[in-house]
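Heads up: the structure comes next, in structure tokens.
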Amino acid sequence: MAERSTAAVDVADNSGETSLTAQADQSTADGVAKNRERDTDSDEVQESTRTDGAGTTSPPELHSGHKLARRYRLEECVTRLDGFSSWRAVDEKLRRAVGVHILPADHSRARSVLAAARSSALLGDPRFVQVLDAVEENDVVYVVHEWLPDATELTTLLASGPLEPYDAYQMVSQVSSAMAAAHREGLAHLRLNPNAVLRASTGQWRIRGLAVNAALRGVASDTPQRTDTEAIGALLYAALTQRWPYESDAYGLSGLPKDIGLIAPDQVRAGVHRGLSELSMRALANDGATASRHESPCTTPEELVKAIGEMPRIRPPEPAFTAPPEYQRTTYQQGTYGRQSPRPGATQPVPSPPPPLQSRTGKALKWAVSALLIAALGLGSWQLADALMDQGGKNEDPGQTQTNDGNDKSPKKPAGGKPIAISGARDFDPLGDQSEKPSDIGKVYDNSTATYWQTDFYLSADFGRLKSGVGIILDLGKTQQVGKVTVTFVGDTSVELRSASPDAGSEPTSLDAYSKVAQGSGTTVQLKPDKSLKSRYLLVWLTKLPIQADDGKWRGRVADIKVTS
């Protein structure tokens, strides 16, 4: 679900150097430098990292309007620091905004920046701001990346207050799963901070500067997974408290009071979600010792993803509905259209009803109608009496008397499954951000195919290669015999029916707890298990999405689900 645009990268330092443009103002998500944000990574945050010496080469002398590869036109310098510069530019070939990092080819970090950019581009994960090009040309090295004008930095979001529990949960869940995927490919961020995390207008969280930001600044770490995990913990801490979890102020956030050490978020601010507070402390563990009160520390993004999966799921807040305005009748509906308004205080005459039909024609019409009514009543009475007499004759006919003996077997109705009521349902996205349009889930069993629940949109039928599927968990209220599940889709969709163990005492929350019992594809799919099936919890698991004609995006839509015994 990647929107093709980008935001500027957080590459400014606070070592005392100032930007040559706007005093090294940090850029906002729309690419315009507004607030002077100091990237004050304290010694506590960076104690596991090391920074090599700055390159001695001066940054290339570039200006607005300069073109790279006769394609990328530089528009605005966002950062000029430490031998490199970052720009907002325009890709004239594809007519879109992009971001560009530029440094001399003989810069001490030029090779590592190129290698980091190319590795990041190969990952191709839409949860990261994508690297579009990495080139060495005419004695300069430049990296082109997406620009996200509709995204908002976490720094900006926190300026107005801490995040709601659901938003904080979504942020840490999506960022952790994205970083876990990056580390599985051998990539680390090492500069993960509130300026590097963005929320798109769709609600998806994006990470910018994977590997590239650290390469531009010469940052390395002997424990990259530990460094990124602690950074995620700091992000969650800031999202819950609007405070930076170290003594130094950073990213527009106040640090913790001196000499009290690291305290849990729910001790800093009232009303903080207890589970999220514990999670942030587990991620902020230093040297294997955790400040959390009960749980063991998380030292890798993968462990953090597992810890999030073990938490009770945080539901989104209920949407607030405002009462519709009182219905106002128009003057046309009130029957005064085209009439003059009455004078104040004047008594309006009440219109008298039209007189009855008193003319000769009217009297004739009344007599004709009366005659027709009398004739209809007479005919109906005669037919009713005739039918009753025929019925009586049949009952008295001895030849029609029916006798029942032991050998008489009346035909039986063909055995058919009885409908099973669905007592509840919820969306199921264990391989993603844990949420797929939960507010519409009731539409899958409302006995109407005019409404539907739909997934988020993806870049291809196979969920953009991000996951193997998403689904809906059905709760039948108790363990029952299941004969068939009929699913009606909008668009040709591939689906599997999975079931939990009949002995499951509560709803399983992992995909492995559901066994596949049937599969199919189409717009109306009947899923019949090959063997006798008893279960309380069923999983309708979508494995391939159709492209929807109304918006041209790959998404699944479930209009109705029926379960029979």
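Just so it is clear, the structure is predicted and the values come from calculations on it, not from any experiment. Counting begins at 1 with the first residue of the sequence.
At a threshold of 4.0 Å, the pair Glu153-Arg208 counts as salt-bridged, since one of the basic side-chain nitrogens sits closer than that to a carboxylate oxygen. Here Lys437 pairs with Asp456 in a salt bridge; the nearest charged N to carboxylate O distance falls below 4.0 Å. Electrostatic pairing of Asp82 and Arg109 counts as a salt bridge here, judged by a charged N lying under 4.0 Å from a carboxylate O. Using a 4.0 Å cut-off between charged nitrogen and carboxylate oxygen, Lys306 and Glu302 do not count as a salt-bridge pair. Salt bridge Lys467/Glu436: present, at least one basic N to carboxylate O contact under 4.0 Å. A salt bridge links Glu136 to Arg111: at least one charged side-chain nitrogen sits closer than 4.0 Å to a carboxylate oxygen.
No hydrogens or angles considered: a donor-acceptor pair under 3.5 Å links the side chains of Glu303 and Thr299. If you check the side chains of Asp228 and His183, you find a donor sitting under 3.5 Å from an acceptor. Residues Thr229 and Thr300 bring no donor and acceptor atom of their side chains to less than 3.5 Å of each other. If you check the side chains of Ser64 and Arg73, you find no donor sitting under 3.5 Å from an acceptor. Asp462 and Ser460 share a side-chain donor-acceptor pair at under 3.5 Å. Side-chain contact of Ser254 with Asp249: a donor-acceptor pair under 3.5 Å is absent, judged by distance alone. A donor atom on one side chain and an acceptor atom on the other are not found under 3.5 Å apart for Ser277 and Tyr237. Side chain to side chain, Thr543 and Trp541 fail the donor-acceptor criterion of an N or O pair below 3.5 Å.
Judged by distance alone, the side chain of Asn193 and the main-chain N or O of Ala196 form a donor-acceptor pair under 3.5 Å.
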Query raised in the report: So Leu154 and Leu163, side-chain contact (heavy atoms from CB on, under 4.5 Å) or not? Walk me through it.
Result: CA-CA 10 Å; Leu154 180 59; Leu163 300 185; 4.0 Å; yes
Requested in this report: Output, in order, the C-alpha distance, side-chain angles, deciding distance and verdict of side chain to side chain donor-acceptor pair (under 3.5 Å) for Tyr72 and Lys93.
Outcome: CA-CA 8 Å; Tyr72 304 110; Lys93 184 175 181 180; over 6 Å; no
Report task. Please report the C-alpha distance between Leu539 and Ile472 in whole Å, then the side-chain angles of each, then the deciding distance to 0.1 Å, and finally whether the side-chain contact (heavy atoms from CB on, under 4.5 Å) criterion is met. Result -> CA-CA 6 Å; Leu539 172 58; Ile472 300 169; 5.8 Å; no
Query raised in the report: Given Lys544 and Ser521, is the side-chain contact (heavy atoms from CB on, under 4.5 Å) satisfied, shown in steps?
Result: CA-CA 9 Å; Lys544 189 174 181 181; Ser521 63; over 6 Å; no
Report task. Show your reasoning for whether side-chain contact (heavy atoms from CB on, under 4.5 Å) applies to Leu192 and Val197. Result -> CA-CA 8 Å; Leu192 201 55; Val197 176; 4.3 Å; yes
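Contact detail for Pro194 and Leu235: the closest heavy-atom pair is N-CD2, 3.4 Å. Residues Ile308 and Ser176 share a closest heavy-atom pair of CD1-OG, 3.8 Å. Pairing each heavy atom of Leu158 with each of Ala239, the nearest pair is CD2-CA, 3.7 Å. Nearest heavy-atom pair across Gln225 and Pro301 is OE1-CD, 3.6 Å. When all heavy atoms of Arg243 and Pro257 are compared, the closest pair comes out as NH2-CD, 3.5 Å. Leu262 approaches Pro245 most closely through the heavy-atom pair CD1-O, 3.6 Å.
Contact of the Phe489 side chain with the Val495 side chain is registered, since non-hydrogen atoms from C-beta on lie closer than 4.5 Å.
Residue Glu164 places its CD atom among 12 or fewer non-hydrogen atoms of other residues, nucleotides or ligands, all under 6.0 Å distant. For Arg315, the CZ atom counts as densely surrounded, since its 6.0 Å shell holds more than 12 non-hydrogen atoms of other residues, nucleotides or ligands.
Aromatic ring centres of Trp244 and Tyr251: separated by under 6.0 Å.
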